[in-house]
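To find a chain, count down the sequence lines: A is the first, B the second, and so on, and within it residues start at 1.
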There are 2 protein chains.
Amino acid sequence: MKIGELATRTGISPQTIRYYENIGVLPDALRMPNGYRSYDDSAVRRLGFIRDAQSSGLTLTEIQMVLEMRDAGESTCGHVVSMLEQHLIEVDRQLDELERTRHRLGQLITAARQMDPANCTDPDKCQTISAKEAFHD
Amino acid sequence: MKIGELATRTGISPQTIRYYENIGVLPDALRMPNGYRSYDDSAVRRLGFIRDAQSSGLTLTEIQMVLEMRDAGESTCGHVVSMLEQHLIEVDRQLDELERTRHRLGQLITAARQMDPANCTDPDKCQTISAKEAFHD
DNA sequence: CAAAACCTTATAGTCGGCTTCAGGGTTTGA
DNA sequence: TCAAACCCTGAAGCCGACTATAAGGTTTTG
Ligand SMILES: [Zn+2]
Ligand SMILES: [Zn+2]
Ligand SMILES: [Zn+2]
Ligand SMILES: [Zn+2]
């Protein structure tokens with residue numbers, strides 16, 4: 001199949017597919033006599049894996065490492081599992097950070113709501129903005 | 001004070017302070033006769049606010065909107081509160097997405113651990129990698 | 001009095017994951 | 001038959017928040 005069909009079957013644009021080939025996440029495609037890229041079903045599966053792996057937060061670089069190991073015929077199980085575990089730690093750290101952020105934001109909003117807008121006539125001292133203490137637990 | 005002292009007092013590098021001035025988050029600094037930027041304590045407070053607002057996940061663009069309203073002498077309370085609320089919605093969406101990501105990743109790891117590496121001798125079919133079903137609840 | 005340490009500007013590079021553009025060639029269908 | 005729709009390449013642009021580099025001028029310190 002040509003790149004356009006692969007694109008419609010996977011929901012990934014032709015440009016993106018060529019980009020994946022450029023950075024090595026997809027192997028160099030076979031070519032038809034006219035130079036057009038030619039794909040079979042394995043490309044569909046590989047793109048599906050890439051999308052799934054991305055939805056677990058893996059970067060293209062991480063995905064590429066896995067796929068390169070596989071392409072090299074190595075037993076990837078151990079490496080893959082430890083990479084996934086490493087990535088889980090990253091994701092947990094992001095979650096932690098985002099939850100702290102959410103907490104601070106909630107406090108700021110609460111503090112802002114409790115203020116009396118009537119008291120906020122001095123443009124140099126908007127209470128909402130100056131509610132610095134809301135940032136510091 | 002000169003930019004270097006402002007930098008040490010706020011923990012924000014001189015380059016970053018100039019960058020903030022460039023994009024308009026800091027007002028154009030006063031200049032000394034030799035062309036050096038000259039700051040007073042209000043710059044320290046403003047940078048402190050920027051850092052605090054960033055730690056609640058506000059972008060510099062959002063922060064700039066607030067500061068511009070304030071600089072224009074508008075009563076910012078209402079706008080600020082609604083912007084903060086809007087931003088809280090964004091953060092909640094990010095949290096949701098990240099939690100789903102974490103869930104998928106956990107499932108993938110569980111599935112990968114349960115596999116018998118002895119069964120993974122065919123390099124074209126690494127079980128860990130092919131555990132696509134782990135991605136789909 | 002010279003070197004280190006500071007200050008200035010403008011421009012370019014970084015990260016990741018694309019998207020868009022410019023300027024072609026090929027295939028398909030009315 | 002000829003225009004639309006597809007394909008190709010390489011390079012550049014985009015987002016955000018910086019960071020770095022180049023090529024100067026000024027001030028402080030020993
Ligand atoms: Zn990772
Ligand atoms: Zn106010
Ligand atoms: Zn926001
Ligand atoms: Zn395996």
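- Among residues two or more places apart in sequence or in another chain, the salt bridge (Lys or Arg N to Asp or Glu O under 4.0 Å) test is passed with B:D40 by none.
- Less than 4.0 Å separates DNA chain D from no heavy atom of any residue of residues 85-94 of chain A.
- When all heavy atoms are compared, the tightest approach of B:I50 to B:L26 is CD1-CD2, 4.3 Å.
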Heavy-atom protein contacts under 4.0 Å, nucleotides 6-23 of chain C, coded B base, S sugar-phosphate only, - none:
BSBB-------BBSB---
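- Looking at B:R51 and B:Q54, their side chains do bring a donor and an acceptor atom within 3.5 Å of each other.
- Listed for the A:T110 side chain is a donor-acceptor partner under 3.5 Å among the backbone atoms of A:G106.
- Nearest approach of A:V44 to A:M1, heavy atoms of both residues: CG2-CE, 4.0 Å.
- In this structure A:E90 satisfies the salt bridge (Lys or Arg N to Asp or Glu O under 4.0 Å) test with no other residue, sequence neighbours excluded.
- Under a 3.5 Å cut-off, the side chain of B:S56 and the backbone N or O of B:L58 do not form any donor-acceptor pair.
- Along DNA chain D, the stretch of nucleotides lying under 4.0 Å from any heavy atom of chain A spans, 5' to 3', D:dC6 to D:dT9.
- Under a 4.0 Å N-O distance rule, the pair A:R100/A:E97 qualifies as a salt bridge.
- Pairs passing the salt bridge (charged side-chain N to carboxylate O under 4.0 Å, His left out) check and including a residue from residues 12-22 of chain A, sequence neighbours excluded, read A:E21-A:R31, A:E21-A:R37.
- Scanning all heavy atoms of the two residues, the minimum distance from B:A29 to B:S38 falls at CB-O, 4.4 Å.
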